[in-house]
2 protein chains.
Amino acid sequence: MVTIYDIAKQANVSAMTVSRVINNSGRISANTREKVKRIMQEMNYVPNSTARSLVKQETKMLSLLITDITNPFFTTLARGAEDAALKLGYKLLFGNSDENLSKEREYVDMVLSTRVDGLLFAPSSDASAEHLAMLRLHQIPFVLIDREVPGVEADMVLGDNRDGALRLTEHLISLGHKRIAFVNGSSTVSTARERSSGYREALLKHGIRYDPELVMECRFNHFDDSDLLDRILALSEPPTAIFAANNVLAVSVIACLRDKGIGVPEQMSVACFEDVGLASRLDPFLTVAVQPAYEFGYRGIQLLVDRINRKDGEERQVVRFPSEMIVRKSTGKPRQPSS
Amino acid sequence: MVTIYDIAKQANVSAMTVSRVINNSGRISANTREKVKRIMQEMNYVPNSTARSLVKQETKMLSLLITDITNPFFTTLARGAEDAALKLGYKLLFGNSDENLSKEREYVDMVLSTRVDGLLFAPSSDASAEHLAMLRLHQIPFVLIDREVPGVEADMVLGDNRDGALRLTEHLISLGHKRIAFVNGSSTVSTARERSSGYREALLKHGIRYDPELVMECRFNHFDDSDLLDRILALSEPPTAIFAANNVLAVSVIACLRDKGIGVPEQMSVACFEDVGLASRLDPFLTVAVQPAYEFGYRGIQLLVDRINRKDGEERQVVRFPSEMIVRKSTGKPRQPSS
DNA sequence: GTGAAAGCGCTAACAT
DNA sequence: ATGTTAGCGCTTTCAC
């Protein structure tokens, strides 16, 4: 491996001079600068960032932890984060927790030993508080993304989940729906709670009774309760519409309905949070509340780098993006308006 | 920061003994082992992998470079790669070249200075040869994934593109199509050439003339030639079916057709390589040749780690996965069989 | 079974 | 404008 000393020897200068050329620091005569640069080229020298990290106590690496790498919301977010990180001179290490606390724990351990300079973190649930405490203990700056954790004060980039859910539900109500089922993610996740709160507020506002029998709670990355859906459909007053708390759940619900021969939107309207990637281009079908995923990632990294460059105590920043409602074909009037 | 010396002092042993406990190497008395472990816990010690990397000359980090992070094929591949890397004791650094040579170059530079132990590499085009030469020069082991590069001998994980394209095209022919347009990726990418070759072979086999006027060449991540599509549709003998070389192109083509009021499959059949993520669950619509994306990533990392652990010269491994054809609704009989 | 010394490749701090 | 010294946190090597 070619080191800074090999270059120094060839150029008849000290290692320090080479270091200064590499980092454009200090005063160097144009002559030696050129000579050193030429020799670095000739010898295919590449600085060893491991060594640099060790002495500078910074790695110029950030880490992004998301909860579902197959979800277009998170991959688009990842793209924004990567663009921002690169622009700001950082590399980005990705991780995928699968909404799973112990995978998340492993990832946090890894990140701690890798000494990344900061972490953009989508917590898998409120239980992530324990991992965030770990990061605090080791003084790793972090920014929460998409989800917050009760009791944890931090910079955050969030969506306006309550408002989005409220508008989506009101949209269904305005079409004439009164029995609206709600397929939610786990209530241990802040976005699930906020979307639930928007849903309930919409009902309240329009004098519709909140019926717990119409509500299902699943994991955000996996809809596995086809039975419960059956039970809801078999109620004496079955729903005429379903509001799903995210894209993955909505797609699963629609697949289930199709298997049962229930047409969307003819027999059942379906709306959800977050768009569905290629699917919405292939066939603009699902009525959704779209969040600016790319900006989530981009702003998240910006906040993180901001935080890294500031004193610890300084006031925290919270960005909350509104969502945009896109009405498409999956929602329509109820077949026979419920009483 | 807590170092190995802090632990050593507390435990009244040398740093070396602590190191041995951490790495489970050498002979240590059960007593000291327990004591050291306890103190590491108490002091929240986390080994600094930067320092370890510097002396061991390995980072236990691998890197995955893909060409389109928003394409479900690549994100699923990434998931497989991550699972395999974690299982084998490596971290995974992701990068996204956007099918863009200069972004790829930046990424390769970064990877070189980060001293990753190996690289899983989806080349953006044949011109990537120059970057691979860079990696060879610096003795970074790499495995090519999804695409090969002429003149570059390396371990590879590939799909059977020719065969997949052949079968997809034959499927269209068997439905009665004789004028089949082909929307391909750039011919500077191996998969585009192989899919073209499968397409042509199918035509030949069934005595259908290859007509260059029916062929378009785009970038794999972006369909931008709506005009050319117009020209093809305006031919005296227009196509009754379109074969798109990947999912992104197919979705764009269908969106274009829809904008022009051309129904799929009623007025135009469309088939493509690679599935479309959530879209195919939402509405099983597109007829596709599906590649085992997760396995691409998983096997790719396995080959890479294999290579890292072997001498340089040893024979190379090439894995070629077949694709599975799934006939869905986007393909049907031509409206009026062309003459 | 344990420790001391040296060094991985680089840069901060202090010379000159 | 350039060089010297020391040290980042760890492991290798050799010694006991």
Side-chain angles (χ1 to χ4, degrees), chain A residues 1-37 39-40 43-61 89 110-117 138-140, chain B residues 1-37 39-40 43-61 89 110-117 138-140:
Chain A
M1 172 192 280
V2 181
T3 75
I4 213 170
Y5 282 97
D6 300 322
I7 306 297
K9 192 181 295 177
Q10 282 293 318
N12 278 314
V13 295
S14 74
M16 221 22 244
T17 301
V18 178
S19 172
R20 287 191 181 103
V21 171
I22 294 168
N23 297 289
N24 270 312
S25 58
R27 282 171 300 280
I28 303 276
S29 77
N31 244 332
T32 44
R33 158 167 285 116
E34 286 322 305
K35 184 168 58 176
V36 168
K37 280 197 164 168
I39 293 176
M40 291 197 300
M43 301 186 71
N44 291 302
Y45 171 75
V46 179
N48 183 327
S49 44
T50 304
R52 178 183 286 158
S53 294
L54 187 57
V55 25
K56 299 198 77 163
Q57 299 286 60
E58 64 171 20
T59 54
K60 285 288 173 185
M61 291 195 15
M110 188 213 84
V111 144
L112 249 27
S113 101
T114 306
R115 299 296 197 269
V116 299
D117 296 340
H138 291 274
Q139 317 211 52
I140 310 282
Chain B
M1 173 191 280
V2 181
T3 76
I4 212 172
Y5 283 97
D6 301 322
I7 307 296
K9 192 182 294 176
Q10 282 293 318
N12 278 313
V13 295
S14 74
M16 228 11 255
T17 301
V18 178
S19 173
R20 288 192 180 101
V21 171
I22 294 168
N23 296 290
N24 270 314
S25 60
R27 283 169 301 281
I28 304 276
S29 78
N31 244 331
T32 45
R33 159 168 283 115
E34 286 321 305
K35 184 168 57 175
V36 168
K37 281 198 164 169
I39 293 175
M40 290 198 301
M43 299 185 73
N44 292 301
Y45 171 74
V46 179
N48 183 327
S49 43
T50 303
R52 178 183 287 157
S53 295
L54 186 58
V55 25
K56 299 197 76 165
Q57 299 287 56
E58 65 171 22
T59 54
K60 284 288 174 187
M61 291 195 14
M110 188 212 85
V111 144
L112 248 28
S113 98
T114 307
R115 299 295 197 268
V116 299
D117 296 341
H138 290 275
Q139 318 210 53
I140 310 282

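Computed over heavy atoms, backbone and side chain alike; hydrogens, waters and symmetry mates excluded. Proteins get letters first, then strands, A, B, ... in listed order; numbering begins at 1 in each. Every value quoted in this text rests on a predicted model; they were computed, and no experiment measured them.
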Please report, rounded to the nearest Å, how far the [atom2] atom of [N] is from the [atom1] atom of [X].
X: A:Glu34; N: D:dT2; atom1: CD; atom2: P; answer: 12 Å
X: A:Lys9; N: D:dT2; atom1: NZ; atom2: C1'; answer: 19 Å
X: B:Tyr5; N: C:dG3; atom1: OH; atom2: P; answer: 12 Å
X: A:Ile4; N: D:dG3; atom1: CD1; atom2: P; answer: 12 Å
X: B:Met16; N: D:dC16; atom1: CE; atom2: C1'; answer: 15 Å
X: A:Gln57; N: C:dA12; atom1: CD; atom2: P; answer: 12 Å
X: B:Lys60; N: D:dC10; atom1: NZ; atom2: P; answer: 18 Å
X: B:Arg20; N: C:dG3; atom1: CZ; atom2: C1'; answer: 7 Å

Describe the nucleic acid contact of B:Thr32 in one word from base, sugar-phosphate, nothing, applying a heavy-atom distance below 4.0 Å.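 Sugar-phosphate, no base atom in range.
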Using the side-chain heavy atoms of [X], tell me which of these nucleotides is nearest: [options].
X: A:Thr3; options: D:dC8, C:dC10, D:dT11; value: C:dC10
X: A:Val13; options: D:dG3, C:dC8, D:dC14; value: D:dG3
X: A:Arg27; options: D:dA1, D:dG9, C:dA4; value: D:dA1
X: B:Thr17; options: C:dT2, D:dT13, C:dC10; value: C:dT2
X: A:Asn48; options: D:dC14, D:dG9, C:dC10; value: C:dC10
X: A:Ser29; options: D:dC10, D:dT2, D:dG3; value: D:dT2
X: A:Met1; options: C:dG9, D:dG3, C:dC10; value: C:dG9
X: A:Ile28; options: D:dT11, D:dG9, D:dT2; value: D:dT2

For DNA chain C, whose closest nucleotide is more 5', that of A:Ala51 or that of A:Lys56?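 On the 5' side of the pair lies A:Ala51.
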A:Arg52 or B:Ser14, whichever maps to the more 5' nucleotide of DNA chain C: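 Its nearest nucleotide lies further toward 5', so the answer is B:Ser14.
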Determine yes or no for a side-chain-to-main-chain donor-acceptor pair under 3.5 angstrom, with [X] supplying the side chain and [Y] the backbone.
X: A:Thr114; Y: A:Met110; result: yes
X: A:Ser49; Y: B:Ser113; result: yes
X: A:Ser53; Y: A:Glu58; result: yes

Would one find a side-chain N or O of B:Tyr45 under 4.0 angstrom from OP1 or OP2 of D:dC10?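 Yes, B:Tyr45 has a side-chain N/O under 4.0 Å of OP1/OP2 on D:dC10.
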Is there side-chain contact between A:Ile28 and A:Val36, with at least one heavy-atom pair below 4.5 Å?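 Answer no - side chains too far apart.
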Just so I know, are the side chains of B:Gln10 and B:Val2 near enough to count as touching, which here means a heavy-atom distance under 4.5 Å?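 A side-chain contact is absent here, since even the closest heavy-atom pair is not under 4.5 Å.
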